[in-house]
Asker: 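Let me begin by handing over the structure; questions about it come next.
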Amino acid sequence: MRFAFTKMHGCGNDFIIVDNFRQENRIPLTRPEIQALCDRHFGIGADGFVVIRRSELEKVDMAWDFFNSDGSTAEMCGNAARCVIRYATERHFSLGTVLAMETKAGIVKGKLLPNDISEVTMFPMKDTGFDIEEKILSTEKNVFQTLCVNTGVPHAVIEVKDISSYPISSVGKLLVNHAAFKAGSNITFYQRVSTNKITSTTFERGVEEQTYACGTGATAAAIVFAEQYMQDFPVEVTVPGGELEVDVSPISKIVLLRGQTAYVCDGEAETPPGDYHAATLFGSKKGKG
């Protein structure tokens, strides 16, 4: 089976986007096929796989099915949402349109701004602030103090003094499936730079490695940073692949994530060869969240 795709990235966090917006039937790809397509050596290569489609909800413009590169489903991905908002605006709607998109984490709204910057709402703030839970993660050799917050997907946030020398990958691998988490957690690290600037990176669950950018991770780091220290808004977040901005101002009561997006290519892909027996993911509720 051949199908068209578009590859995009937000600060180096890259995604394969399949446009099912004008079709009634979903493409029946399996979890192993998604893994093969996201493979950087034998496939197209991506951190995630997205299928956009029409939503059945009223006053909602579109919906998506989002998969990590290991084929598991995820409730939300900030950078993928920013890429999809730009894609949908330019190919199905019109500039200036505020789009509402159905995700497993809820309805996300977004719009395309000048200079290829996409902005999306992450979730509304509560009057009492954010639900941040402190968890002490013990391993055989170390103890890690984390502040956990769900920004559509779970993140355990660790503040470090020097992010450039910190063992991100080894600590991430150690903690991502820690027994303290029911279904694993993204592990996000951040370093303070100034009153409204931080550097951050995330070891992503479902990708199982450090990525160039993580929108939900940058948001989680900005929230923890803003809650721990009296800071200016918005928070500028430097990630390995570029710059993101997170507005966690108590005035707006909405958490906003914005940053540049880019097209990589359009193309056609063929279902990877092989004997696949996994249950069809598209159109079903199967797959690990």
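Numbering starts at 1 and runs along the sequence shown.
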Asker: For the pair Glu208 (side chain) and Gly206 (backbone), establish whether a donor and an acceptor sit closer than 3.5 Å, ignoring hydrogens and angles.
Answerer: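 Answer holds: yes.
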Asker: Can you sort out the partners of Thr211 under side-chain contact (heavy atoms from CB on, under 4.5 Å), two or more places apart, ordered by chain and number?
Answerer: Asn13, Asp47, Glu204, Val207, Cys214
Asker: Do the side chains of Lys104 and Glu75 get close enough for a salt bridge, i.e. N-O under 4.0 angstrom?
Answerer: no
Asker: For Val84 and Met62, what are the C-alpha separation, side-chain angles and deciding distance, and is it a side-chain contact (heavy atoms from CB on, under 4.5 Å)?
Answerer: CA-CA 10 Å; Val84 168; Met62 56 191 295; 3.4 Å; yes
Asker: Would you confirm whether Thr97, through its side chain, and Leu99, through its main-chain N or O, come within 3.5 Å as a donor-acceptor pair?
Answerer: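 No, Thr97 side chain to Leu99 backbone: no donor-acceptor pair under 3.5 Å.
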Asker: With sequence neighbours excluded, what pairs up with Glu102 under the salt bridge (charged side-chain N to carboxylate O under 4.0 Å, His left out) test?
Answerer: none
Asker: Give every residue pair that meets the salt bridge (Lys or Arg N to Asp or Glu O under 4.0 Å) criterion with at least one member in residues 108-118, sequence neighbours excluded.
Answerer: Arg86-Asp116
Asker: Look up atom CD in Gln191 and atom OG1 in Thr199, then write down how far apart they are to the nearest 0.5 Å.
Answerer: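 Those atoms lie 5.5 Å apart.
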Asker: Quick one: side-chain contact (heavy atoms from CB on, under 4.5 Å) partners of Ala269, sequence neighbours excluded?
Answerer: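 Partners of Ala269 by the side-chain contact (heavy atoms from CB on, under 4.5 Å) criterion, ordered by chain and then number, come out as Phe3, Phe5, Leu37, Ile44.
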Asker: Do Ser185 and His178 have side-chain atoms, one donor and one acceptor, less than 3.5 Å apart?
Answerer: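 The answer is no; no qualifying pair exists.
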Asker: Is the side chain of Asp247 donor-acceptor paired with the backbone N or O of Val255 at a distance under 3.5 Å, no angle test?
Answerer: no
Asker: Can you list every pair that meets ring-ring contact (aromatic ring centres under 6.0 Å, His included) and has a residue in residues 80-114, with sequence neighbours left out?
Answerer: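 Listed by first then second residue: Phe21-His92, Phe21-Phe93.
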Asker: Taking ILVMFWY side chains as joined if any heavy atoms are under 4.5 angstrom apart, and letting links pass through other members, which residues group with Leu113?
Answerer: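 Answer for Leu113: Ile117.
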Asker: I'd like to know whether Arg82 forms a side-chain contact (heavy atoms from CB on, under 4.5 Å) with Asn79, so could you lay out the CA-CA distance, the side-chain angles of the two residues, the decisive distance to 0.1 Å, and finally the verdict.
Answerer: CA-CA 5 Å; Arg82 295 194 306 102; Asn79 286 323; 3.0 Å; yes
Asker: Run through the side-chain heavy atoms of Ile, Leu, Val, Met, Phe, Trp and Tyr, join any pair under 4.5 Å, and report what else lands in Val193's cluster.
Answerer: none
Asker: Apart from Ile136 itself, what residues make up its hydrophobic cluster, given side-chain heavy atom links below 4.5 Å?
Answerer: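 In the cluster with Ile136 are Val143.
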Asker: Tell me, with the steps shown, if Thr271 and Glu33 meet side chain to side chain donor-acceptor pair (under 3.5 Å).
Answerer: CA-CA 7 Å; Thr271 304; Glu33 289 171 334; 4.8 Å; no
Asker: CZ/Arg91 to CG/Asp19 distance, rounded to the nearest 0.5 angstrom?
Answerer: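 CG of Asp19 is found 8.0 Å from CZ of Arg91.
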Asker: Under 4.5 Å side-chain heavy-atom separation, chaining through any Ile, Leu, Val, Met, Phe, Trp or Tyr, what else clusters with Leu174? Say none if it is isolated.
Answerer: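 Members besides Leu174, by chain and number: Leu137, Phe144, Ile158, Val160, Ile163, Tyr166, Ile168, Val171, Leu175, Val176, Phe181, Ile187, Phe189, Phe203.
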Asker: Can you list everything that forms a salt bridge (charged side-chain N to carboxylate O under 4.0 Å, His left out) with Glu209? Sequence neighbours excluded, please.
Answerer: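 Checked Glu209 against salt bridge (charged side-chain N to carboxylate O under 4.0 Å, His left out); zero matches.
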Asker: Please collect all side chain to side chain donor-acceptor pair (under 3.5 Å) contacts where either partner lies in residues 141-154, sequence neighbours excluded, each pair once.
Answerer: Glu134-Gln145
Asker: Can you list every pair that meets salt bridge (Lys or Arg N to Asp or Glu O under 4.0 Å) and has a residue in residues 150-179, with sequence neighbours left out?
Answerer: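 Those involving residues 150-179 are Glu159-Arg192.
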Asker: Can any side-chain N or O of Glu243 pair as donor or acceptor with the backbone N or O of Glu236 at less than 3.5 Å?
Answerer: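 No, because the side chain of Glu243 does not come within donor-acceptor range (under 3.5 Å) of the backbone of Glu236.
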